[in-house]
Amino acid sequence: MALMTDDKPDDVALAVSNLHTTIGTGPGAVRGVDGVSFTVRRGEIFGIAGESGSGKSMTAFSILRLLPTRGRISEGSILFKGEELTTLSEAGMRKLRGDRIAMIFQDPMTSLNPVFTVGSQISEAILQHRRMSATQAQAEAIRLMEIVEIPDAASRYSAFPHQFSGGMRQRIMIAMALSCAPDLLIADEPTTALDVTVEKQIIGFLQKLRRETGVAIMLITHNLNLLAENSDRIAIMYAGQIVELAPTSEIFANPRHPYTQALLNSMPRGHISQQRLVPLAGVPPRIVGKRSGCSFAPRCPMAQELCTTVPELRDCGVGHSARCWFVEGSPRHDK
Amino acid sequence: MGSYVLSRLAQAVVVLLAVAFITFLLLHLSGDPALLLMPPDATRAQVIEFRTQMGFDRPFFEQFFQFLGRILSGDLGYSWRFQEPVLPLVLERLPATALLAVTALIFSLIIAIPVGVISAVKRDTPIDNASMVLALLGQSIPGFWIGIMLIFLFSVKLGWLPTSGWETPQSIILPAVTLGLALVGRNARLVRSSMLEVLGEDYVKAARAKGLSEWRVVNHHALKNALLPVVTVVGLELGILLGGTVVIEVVFAWPGIGMLSVQAVTGRDYPIVQAVILLSAVLFTLTNLAVDLLYTRIDPRIGYK
Amino acid sequence: MSQRIAGPGTLAEQTPPPRSAGGLSRPAEVLLGIITSKKAMFGILVILMVVICAVFSPWIAPHDPAAQSLAFRLAPMFSTAPDGTFHLLGTDHLGRDVLSRAIYGARVGLIVGLSVALIATFIGVTIGLVAGYFGGWIDAVLMRLCDVQLALPAILLAIAILAITGVSLLNIVLILALTQWVAFARVVRSATLSEREKEYVLAARALGFGSARIIYRYILPNVFAPIIVIATFAVAQAIIIEAALSFLGLGISGATPSWGAMLADGRTYLAIAPSLATIPGLFITLSVVGINLFGDWLRDFLDPKLKM
């Protein structure tokens, strides 16, 4: 990893390198995450974008080691603040989860347990990781609810999730994630289920949070527009791999991978009303067994004979790399 | 909330009226209800007198409303075999049936909940497969046969437990286990499938992401949700069991309403049969009503809808 | 809360449609499913055995099931009578051959099981389709009817009716069918409720097709899978209840041997000849387990999400 960044080690919250996560075993195993490498720095919002099934959520769950029963990390390394997570004991992982690495989920409607009060669910997270009495935890939970601006927090402590709106529930999820001042916050499609005004508020919170606490945020979304103004760097994922990785401004100004270009062409950008939107046809494949060439080739307008050979990530600018044969630059050697 | 209770109550009343009508019809199946209700050795004059007294010569629906009036005033007829009014006779046997029903249900849940939870958590492992095959077996074995086999083993061969009747506290063990075994199978499968569904929910992932132990995730966050649908089914089961577990009571000569009613059928003592059918239906309907209303208390989501 | 629609600026949130395994035809898929599942194979094997016993009982049974031999009563298993006849499973209290009676017993079980399931399917499916399709007060009335059926104590009502009307195969089948239809009605109703809102049904309505035609041509085929599964379980259930009725003395009696009646007779001799009560119970259990295993596999195979 040292090769690719000039960060001071203290600055790196998370360094994932050559991560492979498979679902199932034997010849039918699906390559959910297939050789993914990236770093997330302290105080940075790192965006991961891709269609469903591109492996972005699988990457997040690999970091927390909360994979489905048949899933496992088969190769690679996940360094969190210098600590290797792939070999850490389950008890060690449990100490990290919810304490130093927190996660918020896509659907705030379903990610809070319907049969417990919201307050007790926040307190539970606090008590899990801090030495505190139940009364202290309750006071702390109410304080957190106030931080995420839930009106009348003290009396809402004993309300049930269904008594809150979607936006309010996501704030409660954030309060829960904040309960132990994490170093890394993984937000998996945190606003997808919410409407646009609520989305702004929630993202506003995340921005404020990283400014004030320096938490590193991994913002996973299928909505590139959201990342345009709210991320520092973006990784574009396709079929389990990162196909392009660059600072946010670079991705939008100078997209190099045809997939990124297609994505940008399919969405309205800025206020250019003359722009023609080109919809992206088809769906990303699931990769089983060996890769035969570039995974995007079947949907790629530029695909040629060469694309039947698997391309590697190539550097094509400062902190900019893309996985395409038609990008000039030197192959990266981070494996 | 109030309107929900009212509509459920109204439904229960309609159902019970229909049940009353069916028990009323039962007597007309043979053509002459008077003959069915009188002792076989009654004289012709007695039958004719009884027929007029009960109004069986009146128009059909008039008879039904008379019947309704009688049962509403607590008059469920007179048993000529016991020479007693039927209602107290049946109520006297009810505690034995209720005790057996509750014991069997508790026994089944004590086994079914852990088995269902473990099966769900260890999905598709040998433990899961074995538990589910055993559960299916439990559902497939006729209760009366298992009862006889248990009597043979524990009473006849080993002499550990009484064969039948209700003389000692141990008497309840065999009938309750027999009745419970059939329920274990169904309930374990139900707990498993409900648990599997809940384990896939986001809030379970979220609970794990909080750093909770797997034990707490499963037994605190998942189980409480998974048991919600189980409550409804257990309520149904209790309702059915309270109505008399005819076959098992006969096998073990358990002095409950099931046994009483079978004796009444064999002895052609139809007022008792009628009374037990009515009482069963009332108990079933009331239990279900109670469970539905209880549900609004235990599932926080429902009370506010 | 407004649901956001995937549009420009958001990537398609969809997954590819599931592929049929190797493009097999439906019957071939079913066959392959059966062969590759131990559960299904065992179930089918048991069902076949029961069917063969029932259909070919005169050829399979070693003795006349009604032939009594008062001189050779309550013989244990593997015994040979003085006249040289061998009784694999012994003889009962009238000296009749237990194995032969058990083989003949498959007839009553199977006939009752199948006809009950058939009639219950017809009643339940009809009620469920009508309730689900027409809704409103028709639905309310039919669903109360289900409640009434569930509230009645099934076995007690059955023995009471049989005692009044007299025991016959037809009466037993009709009464048992009445205890089994509710499951069909409820499942078919809820399936119909969701089917009728789908576009192909709306399209058929728009074309002016009559309700009966829409129900039978468009909705019925789509609720077929759960019906088959419930029917399988109903066969097993009917076999158990029929045996229970025989056990209570209100089953088919006389020359036709039935497992339940054998069990009831054998119970009296539990202390001296325990096999008399054990053997018919094993036959009932084995057939019911077989049918249930098959039904269980069928449910997983046809629709893994099906909840019953």
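Proteins come first, then strands; the chains are lettered A, B, ... in the order of their sequence lines, and each starts at number 1.
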Peer 1: For chain B, find which of C/V289, C/L162, C/L293, C/I239 contributes the most heavy-atom pairs closer than 4.5 angstrom.
Peer 2: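 Counting heavy-atom pairs under 4.5 Å, the top option is C/V289.
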Peer 1: Within residues 15-25 of chain B, which residues come under 4.5 Å of chain C, heavy atom to heavy atom?
Peer 2: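 Checking residues 15-25 of chain B against chain C gives B/V15, B/A18, B/V19, B/I22.
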Peer 1: Quick check: does any side chain N or O of B/W145 sit under 3.5 Å from a backbone N or O of C/A277, one acting as donor and the other as acceptor?
Peer 2: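 Checked: pair present.
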Peer 1: Pick from C/T165, C/I161, C/L250, C/L245: which one has the most heavy-atom pairs with chain B under 4.5 Å?
Peer 2: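 Winner by heavy-atom pair count: C/I161.
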Peer 1: Out of B/V251, B/L236, B/T285, return the one with the most heavy atom pairs under 4.5 angstrom to chain C.
Peer 2: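 Top option by heavy-atom pairs under 4.5 Å: B/V251.
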Peer 1: With a 4.5 angstrom heavy-atom cut-off, is it the side chain or the backbone of C/A236 that approaches chain B, or both, or neither?
Peer 2: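 For C/A236, no heavy atom lies under 4.5 Å from chain B.
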Peer 1: Checking C/W297 side chain against C/F294 main chain: does a donor-acceptor pair fall under 3.5 Å?
Peer 2: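 Judged by distance alone, no pair lies under 3.5 Å.
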Peer 1: Can you check whether B/V191's main-chain N or O pairs, donor with acceptor, with B/S194's side chain at less than 3.5 Å?
Peer 2: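 No, because the side chain of B/S194 does not come within donor-acceptor range (under 3.5 Å) of the backbone of B/V191.
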Peer 1: Please check this pair: side chain of C/D139 against backbone of C/G135, looking for a donor-acceptor N/O pair closer than 3.5 Å.
Peer 2: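 Judged by distance alone, no pair lies under 3.5 Å.
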Peer 1: Quick one: of B/L136, B/N288, B/V247, who has the most non-hydrogen atom pairs under 4.5 Å with chain C?
Peer 2: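 Most pairs with chain C among the choices: B/L136.
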Peer 1: Looking only at heavy atoms, which two atoms of B/L179 and B/A104 are closest? And how far apart?
Peer 2: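 Shortest heavy-atom separation between B/L179 and B/A104 comes out as CB-CB, 3.7 Å.
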Peer 1: How close do B/A275 and B/V90 get, counting heavy atoms only, and between which atoms?
Peer 2: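 B/A275 and B/V90 have their closest heavy atoms at CB-CG2, 4.1 Å.
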Peer 1: Is it true that B/R81 and B/Q263 share a donor-acceptor pair across their side chains at a distance under 3.5 Å?
Peer 2: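 No pair is found: no donor N or O on one side chain lies under 3.5 Å from an acceptor on the other.
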Peer 1: Write down the atom of C/I240, the atom of B/F144, and the distance for their closest heavy-atom approach.
Peer 2: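 Heavy-atom minimum between the residues: O-CE2, 4.1 Å.
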Peer 1: Could you have a look at C/I291, C/N292, C/I155, C/T278 and say which one has the most heavy-atom pairs with chain B under 4.5 angstrom?
Peer 2: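 Highest number of pairs under 4.5 Å: C/T278.
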Peer 1: Sort C/I241 into side chain, backbone, both or neither according to what part of it lies under 4.5 angstrom from a heavy atom of chain B.
Peer 2: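 No part of it gets close to chain B.
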Peer 1: Say whether, by atom type as modelled, one donor and one acceptor occur between the side chain of C/Q180 and the main chain of C/A238 under 3.5 angstrom.
Peer 2: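 Checking the backbone N and O of C/A238 against the side chain of C/Q180, no donor-acceptor pair under 3.5 Å is found.
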Peer 1: What closest approach, in Å, do C/A117 and C/V235 show between heavy atoms, and which atom pair accounts for it?
Peer 2: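 Smallest interatomic distance, heavy atoms only, reads CB-CG2, 3.5 Å.
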Peer 1: Is the backbone of C/N171 close enough, under 3.5 Å, to the side chain of C/S168 for a donor and an acceptor to pair up by distance?
Peer 2: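 Present.
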Peer 1: Salt bridge between C/D147 and C/R186, side-chain N to carboxylate O under 4.0 Å?
Peer 2: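 A salt bridge is present here (some side-chain N lies under 4.0 Å from a carboxylate O).
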Peer 1: Non-hydrogen atoms of chain C under 4.5 Å away: do they reach the side chain of B/F152, the backbone, both or neither?
Peer 2: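 It is both, since atoms from each part get that close.
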Peer 1: For chain C, find which of B/L26, B/V262, B/V273 contributes the most heavy-atom pairs closer than 4.5 angstrom.
Peer 2: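 Sorted descending by pairs with chain C, the first entry is B/L26.
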Peer 1: Give the interface residues of residues 103-112 of chain C toward chain B, defined by a heavy-atom separation under 4.5 Å.
Peer 2: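 From residues 103-112 of chain C, none sit under 4.5 Å of chain B.
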Peer 1: How close do C/D296 and C/F233 get, counting heavy atoms only, and between which atoms?
Peer 2: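 For C/D296 and C/F233, the tightest heavy-atom pair comes out as N-CZ, 3.7 Å.
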Peer 1: What part of C/L286 gets within 4.5 angstrom of chain B, counting heavy atoms only: side chain, backbone, both, or neither?
Peer 2: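 It is neither, since no heavy atom gets under 4.5 Å.
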Peer 1: Checking C/S258 against C/S246: is there a side-chain donor and acceptor pair closer than 3.5 Å?
Peer 2: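 Note: C/S246 and C/S258 side chains meet the donor-acceptor criterion.
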Peer 1: With respect to chain C, which residue among B/V14, B/V250, B/I151, B/L283 yields the maximal number of heavy-atom pairs within a distance under 4.5 Å?
Peer 2: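 Ranked by heavy-atom pairs under 4.5 Å with chain C, first place is B/V250.
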Peer 1: Do you know the tightest heavy-atom contact between B/Y270 and B/V265?
Peer 2: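 Heavy atoms only, the tightest pair is OH-O, 4.3 Å.
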Peer 1: With respect to chain C, which residue among B/Q139, B/M149, B/R189, B/Q11 yields the maximal number of heavy-atom pairs within a distance under 4.5 Å?
Peer 2: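 Most heavy-atom pairs under 4.5 Å with chain C: B/Q11.
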Peer 1: Could you walk me through whether B/R8 and B/D292 pass the salt bridge (Lys or Arg N to Asp or Glu O under 4.0 Å) check?
Peer 2: CA-CA 9 Å; B/R8 283 293 286 112; B/D292 278 1; 2.7 Å; yes
Peer 1: Hey, which of C/G166, C/G290, C/A243 has the most heavy atom pairs under 4.5 Å with chain B?
Peer 2: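 The option with the most such pairs is C/A243.
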Peer 1: With a 4.5 angstrom heavy-atom cut-off, which part of C/L248 approaches chain B: side chain, backbone, both or neither?
Peer 2: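 Side chain of C/L248 only, per the 4.5 Å heavy-atom cut-off to chain B.
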